[in-house]
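These figures come from a predicted structure and were not determined experimentally. Worth knowing before you read on, the calculation uses all heavy atoms, side chains too, and leaves out hydrogens, waters and symmetry mates.
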2 protein chains.
Amino acid sequence: MAELLSGTLDLLVLRVLNSGPLHGFGIGERIHVLSREALDVEEGSLYPALYRMEAKGWIESEWGQSERGRKAKLYSLTRDGRSQLETERENWNRAALAIRDILDNA
Amino acid sequence: MAELLSGTLDLLVLRVLNSGPLHGFGIGERIHVLSREALDVEEGSLYPALYRMEAKGWIESEWGQSERGRKAKLYSLTRDGRSQLETERENWNRAALAIRDILDNA
DNA sequence: AACAATTACCTCGACAATCTAGGCTTCGCG
DNA sequence: CGCGAAGCCTAGATTGTCGAGGTAATTGTT
């Protein structure tokens with residue numbers, strides 16, 4: 001439930017990782033909580049997204065431990081990832097504003 | 001050029017038609033102009049979207065004339081379409097707010 | 001009259017992102 | 001010991017969008 005806006009997942013993941021390294025499961029939790037339960041990232045979407053982003057060089061991973069002491073793959077932003085975050089943030093702002101315009105003024 | 005947020009096309013079309021009947025080509029133009037060139041709906045996306053929405057009973061069509069006097073298929077909102085517009089508008093507002101939360105507070 | 005550009009609609013195939021629905025291992029706790 | 005939660009993974013189906021084509025009618029231009 002609680003559908004996710006298509007195409008915004010990368011942006012959200014980048015933004016979360018910009019606050020510090022985190023593992024996949026934790027990223028999903030974080031998005032869920034920060035959105036006050038409004039967004040729910042399915043694992044079947046999240047993990048493939050992480051691989052795509054790693055393949056593009058926006059994030060990198062290493063095995064470590066979660067905050068609960070479990071084995072976990074920790075992702076962190078690369079320099080390219082930080083730059084990509086800014087690009088996608090601007091794209092989002094522009095698109096969201098445009099949609100706002102239409103909803104209000106059409 | 002000028003990518004469209006995936007999944008928002010229906011909302012935009014419904015919103016434009018809420019201001020009065022219009023033909024497909026005109027809907028695309030209207031979205032383009034109202035968004036101040038920020039959004040560009042490709043015809044390959046628009047027409048299939050119109051058929052989907054008509055099949056779902058949100059809009060209906062009849063052949064008539066465009067404002068330029070050309071033959072055109074005029075679409076208008078149905079009662080279900082108006083209700084769907086409100087639903088999607090709320091979904092959008094909720095999602096956009098949630099994403100704003102994450103971008104600002106993550 | 002001939003021609004190009006514009007308006008307007010249509011469709012097919014490719015592609016990308018998401019979801020469903022499974023399955024796996026490890027660990028903590030009662 | 002057993003169970004549930006934490007955490008990762010993947011295959012398949014679905015869906016939405018786009019690119020690139022095409023057609024027909026009309027308007028404007030030469």
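Of the residues B:Asn18, B:Val13, B:Leu17, the one that meets the side-chain contact (heavy atoms from CB on, under 4.5 Å) test with B:Leu85 is B:Asn18.
Regarding contacts with the backbone of C:dT7, every side-chain N or O of B:Ser66 stays at 4.0 angstrom or more from both OP1 and OP2. Phosphate proximity of C:dA8 to B:Arg68: present, with a side-chain N or O under 4.0 Å from OP1 or OP2.
With rounding to whole Å, A:Glu43 atom CD is found 15 Å from C:dG22 atom P. One interatomic measurement links the two molecules: OH of B:Tyr47 to P of D:dC18, which rounds to 15 Å at whole-angstrom precision.
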Quick one: what's the B/S/- string for nucleotides 11-16 of chain D, heavy-atom cutoff under 4.0 Å, read 5' to 3'? -----S
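When distances run from any side-chain atom of A:Glu67 to the nucleotides D:dG7, D:dC18, C:dC9, the shortest one goes to D:dG7. The listed nucleotides are D:dG7, C:dA8, D:dC9; the one nearest the side chain of A:Phe25 is D:dG7. The side chain of B:Arg70 approaches C:dT6 more closely than any other nucleotide in the set D:dG7, C:dT6, C:dC10.
Residues B:Gln65 and B:Lys71 have side chains not in contact (no heavy-atom distance under 4.5 Å, counting atoms from C-beta outward).
With rounding to the nearest 0.5 angstrom, the CD1 atom of A:Ile102 is 10.5 Å from the CZ atom of B:Arg30.
The residue among A:Gly69 and A:Ser45 whose nearest nucleotide of DNA chain D is located toward the 5' end is A:Gly69.
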